Participant: 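Sharing a structure, written as structure tokens. Questions coming.
Bear in mind the structure is a predicted one, so any value in this text is a computation, not a measurement. Counting starts at 1 for both ligands and their atoms, following the listed order.
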Amino acid sequence: MRGLSLAIDGMELPAIEKISESQAEDPFQVLIATLLSARTQDATTLAASTRLFRRARTPRTMATLSVKEIEQLIYPVSFFRNKARFVKGTCEALVHDHGGKVPTSLDEMVTLPGVGRKTANLVMILAYRSQRNICVDTHVHRIANRFGWVKTTLPEQTERALYESTDARWWPYINLYLVTWGQNVCRPVYPRCGDCAISAVCPRIGVQKVGKSRS
Ligand code: SF4
């Protein structure tokens, strides 16, 4: 993790980190942007979130939008129809059941429509500064297995296993470091092992083919 913290220095931040920074870690905006981000390119998530927040910045105002209007604002994120329903449902639940605020516990957060552990963990880390959560997405799952930190087949298993196999001081940083690394170097297919700053300490578990080196 120390090597990664140096290696990612200067690389572009993942979209949710940018949104979180620009919105002063507002829990509602981190929550909604993370909902939109699933299986969607970072640039698309950023643009869709910006359009949506320009139209409505709070759960109360966003809950008044129709699903159709939300669809139009967030298009072309993937699964935009489902996500629009989740955004609307989540805003209504926040207004009716949580006083218009994002709950501060993971157990309450995962009761919101469309909110899973990945989203809830990221809100806990970015908006509530939790030191006790690990957010596992596809990049974290893949790279933690390549590193040999875990030996798992599903992201949910990876989250549980990482609490056992990693030092707690790194938990809030695992998502930021591994997502940044996964988007830039340790890609899903053809990882750039030849250009990798931490290749000397990486066992490359499961890596069959590597990408062309740029150097
Ligand atoms: S050596 Fe290859 S598999 Fe290991 S972290 Fe670097 S890019 Fe990923």
Participant: Do other residues, nucleotides or ligands put more than 12 heavy atoms under 6.0 Å from the CD atom of Q157?
Facilitator: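 For Q157, atom CD is crowded (more than 12 foreign heavy atoms under 6.0 Å).
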Participant: For S199, counting its heavy atoms only, list the atoms of ligand 1 lying under 4.0 Å from any of them.
Facilitator: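 In order of numbering, the contacting atoms are 1 (S).
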Participant: Any N/O/S atom, backbone or side chain, of C193 lying under 2.8 Å from atom 6 (Fe) of ligand 1?
Facilitator: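 For C193, the answer is no, given that no N, O or S atom comes within less than 2.8 Å of atom 6 (Fe) of ligand 1.
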Participant: Considering non-hydrogen atoms of the protein only, which is the closest contact for atom 8 (Fe) of ligand 1, and what is the distance?
Facilitator: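 Nearest protein contact, heavy atoms only, for atom 8 (Fe) of ligand 1 is C186 SG, 2.4 Å.
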Participant: Near F147, which atoms of ligand 1 are under 4.0 Å from a heavy atom of that residue?
Facilitator: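 By the 4.0 Å cutoff, the relevant atoms are 5 (S).
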Participant: Got V67 and I70 here, is their nearest side-chain heavy-atom distance under 4.5 Å?
Facilitator: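 Not touching, per the 4.5 Å side-chain cut-off.
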Participant: Which distance, rounded to the nearest 0.5 Å, do you find between the CD1 of I143 and the OG1 of T158?
Facilitator: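 Nearest 0.5 Å value for the CD1-OG1 distance: 11.5 Å.
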Participant: Check ligand 1 against C202 and write out every atom of the ligand that is under 4.0 Å from a heavy-atom position of the residue.
Facilitator: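 Near C202, the atoms of ligand 1 are 1 (S), 3 (S), 4 (Fe), 5 (S).
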Participant: Please list, in number order, the atoms of ligand 1 under 4.0 Å from a heavy atom of V207.
Facilitator: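 In order of numbering, the contacting atoms are 3 (S).
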Participant: I'd like to check which ligand 1 atoms, numbered from 1 as shown, lie under 4.0 Å from a non-hydrogen atom of W181.
Facilitator: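 Once the distances to W181 are compared, the set is 5 (S).
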Participant: Can you report which non-hydrogen protein atom sits closest to atom 6 (Fe) of ligand 1, along with the distance?
Facilitator: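 I find the closest protein heavy atom is C196 SG, 2.3 Å.
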Participant: For E92, is there an ion pair with K88 - N to carboxylate O distance below 4.0 angstrom?
Facilitator: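 E92 and K88: salt-bridged.
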Participant: Fit a plane to each ring of W171 and Y163, take the angle between them on a 0 to 90° scale, and name the class: parallel (under 30°), tilted (30 to 60°) or perpendicular (over 60°).
Facilitator: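 W171 vs Y163 ring planes: perpendicular.
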Participant: Quick one: which of L73, T40, L36, I74 gives a side-chain contact (heavy atoms from CB on, under 4.5 Å) with F80?
Facilitator: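 So the option named by the test is I74.
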